[in-house]
Protein chains: 2
Amino acid sequence: MIRKHLLETAIHQFGERGFDGASTRSIAATADTAMSSITYHFGGKEGLYLACADYIVEEVRDRITPLLSTVEVEDSDRSGATEAVCFLLRGFAGIMMSEETAPWARFVSNELQQPTEAFERIATGAIDLIMAKVVELVGIARPDLDEIHRRSVAITIWGQAIFLRLGRASIERLLEANTMNAAAAELMIDRVVANARCILTQSPECRQ
Amino acid sequence: MIRKHLLETAIHQFGERGFDGASTRSIAATADTAMSSITYHFGGKEGLYLACADYIVEEVRDRITPLLSTVEVEDSDRSGATEAVCFLLRGFAGIMMSEETAPWARFVSNELQQPTEAFERIATGAIDLIMAKVVELVGIARPDLDEIHRRSVAITIWGQAIFLRLGRASIERLLEANTMNAAAAELMIDRVVANARCILTQSPECRQ
DNA sequence: GTCTATACTACGATAGAC
DNA sequence: GTCTATCGTAGTATAGAC
């Protein structure tokens with residue numbers, strides 16, 4: 001399947017070198033095909049780029065959907081909702097730390113900094129899906145908050161997990177881990193989950 | 001000062017379009033000079049890029065140093081340390097949210113995802129400076145934690161503020177704020193600080 | 001120091017053979 | 001569908017005038 005091979009190669013190279021930095025020549029060569037295959041399958045470089053976004057959305061959904069479908073919480077079950085958030089967060093953080101997702105993450109990071117049409121597709125296709133569930137659960141865990149504050153809590157909690165990927169270089173530096181080894185990854189995931197639990201089961205002095 | 005003008009233009013364009021996407025032609029033209037000025041002042045594109053990193057370090061230090069110098073905490077003053085972290089965090093988050101720092105942030109973000117020599121310079125020149133202080137304060141606020149856990153707490157707290165910049169596109173989306181207005185920015189900064197206070201004054205059930 | 005002019009390379013797109 | 005060959009454009013670097 002040359003189409004898929006092109007997509008995966010392209011995500012790698014777009015992620016590592018940016019849209020301009022990655023060349024169709026190099027992508028085609030790495031995928032062991034001719035440059036004009038890109039024209040044939042995707043219409044051109046731009047089309048290939050957008051197809052990469054769609055491909056990432058599919059892959060993320062494949063991993064996230066089963067996770068999301070396992071949580072079911074009663075409307076008044078505060079501690080159940082807290083545990084559900086922690087469970088989802090641990091799964092999501094694990095995905096963020098896995099090497100498998102590194103190329104997608106770099107691709108998405110580029111779009112986060114300089115959003116194009118590709119970001120719109122990733123946001124509506126994957127990010128919204130996750131955040132809707134998280135906001136809902138935060139709402140159950142923290143009924144004292146109104147909608148906008150629930151959203152701010154949800155995004156800061158999830159932001160920590162995303163930062164595990166986006167800020168990896170500086171995390172590795174601070175932990176003096178040359179590469180993110182399993183122990184360091186576990187340490188950081190545990191920390192992010194503990195922080196989330198802390199925020200959701202707010203002690204009186206930090207209630208807001 | 002054409003050198004400075006070139007640097008600021010270059011940071012903008014490198015940040016927005018990446019190293020490959022930004023062309024020396026365009027940078028020189030925007031800075032109202034000839035392309036060969038870049039060769040004269042910086043030796044070439046690569047040299048210009050590294051000089052941008054050094055320039056960012058200087059600018060960040062100018063803003064961070066006065067902030068860091070205002071905090072002085074006794075070794076046993078737990079609540080003092082917590083408040084100091086919150087104070088620094090608020091200042092730092094404010095810097096992260098300001099439009100002035102947006103070009104630098106994009107530049108640094110590119111380096112975080114794909115570190116080069118430029119990241120090494122930014123890390124040693126600016127990031128290490130900040131994180132050393134934060135880790136020290138976290139150590140006072142949470143004497144129950146050993147060094148590695150202090151670091152993990154410090155990086156997750158600071159990561160929230162950095163994510164305000166790196167994840168801005170998705171934050172705006174979730175808050176349904178087309179652009180990050182003052183109210184949304186204040187909401188997010190308050191939230192990040194509240195989370196930090198929550199984490200540092202840990203309630204028993206989330207102690208770890 | 002700053003400019004113009006030019007050499008050389010690499011890019012994306014496309015036409016056309018198979 | 002996939003390839004080769006080629007065209008026009010845009011990039012960096014550099015030489016040399018002033």
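The structure presented is a predicted model; accordingly, all values stated were derived computationally and were not measured. In what follows, chains carry the letters A, B, and so on, assigned in the order in which the sequence lines appear, proteins first and then strands, with residues in each chain numbered from 1.
We find that CZ of B:Phe14 is positioned 13 Å from C1' of D:dG11, with the value rounded to whole Å. Summarising the geometry, the separation between CD1 on A:Ile27 and P on C:dA13 is reported as 11 Å, rounded to the nearest angstrom. Atom NZ in B:Lys45 sits about 15 Å away from atom P in D:dA10, given to the nearest Å. A:Glu46 has its CD atom 15 Å from the C1' atom of C:dC11, to the nearest Å. Rounded to whole angstrom, the span from the CG atom of B:Leu48 across to the P atom of D:dG11 amounts to 15 Å. Rounding to whole angstrom units, CZ of residue A:Arg17 and C1' of C:dA10 are separated by 12 Å. One can place CG of A:Leu6 at 14 Å from C1' of D:dC3, the figure rounded to the nearest angstrom. When rounded to the nearest whole Å, the span between CZ of A:Arg25 and C1' of D:dC3 equals 14 Å.
As judged by a 4.0 angstrom heavy-atom cut-off over every strand, B:Ala22 is placed among residues touching the sugar-phosphate backbone only.
Listed for the A:Arg165 side chain is a donor-acceptor partner under 3.5 Å among the backbone atoms of A:Ser98. The closest donor-acceptor contact from the side chain of B:Arg90 to the backbone of B:Val192 lies at 3.5 Å or more, if one exists at all. Judged purely by atom type and a 3.5 angstrom limit, A:Arg168 uses its side chain to pair as donor or acceptor with the backbone of A:Met97.
Annotation for B:Ser109 and B:Leu166: closest pair CB-CD2, 3.6 Å, computed over non-hydrogen atoms.
Side-chain atoms of B:Ile2 lie closest to C:dT2 of the nucleotides C:dG12, D:dG11, C:dT2.
One side chain, A:Tyr55 or A:Glu8, offers a donor N or O that lies under 3.5 Å from an acceptor on the other. Side-chain atoms of A:Gln160 and A:Asn195 form a donor-acceptor pair, as typed in the model, at a separation below 3.5 Å.
DNA chain D lies under 4.0 Å from at least one heavy atom of each of the following residues of residues 30-43 of chain A: A:Thr33, A:Ala34, A:Ser36, A:Ser37, A:Tyr40, A:His41.
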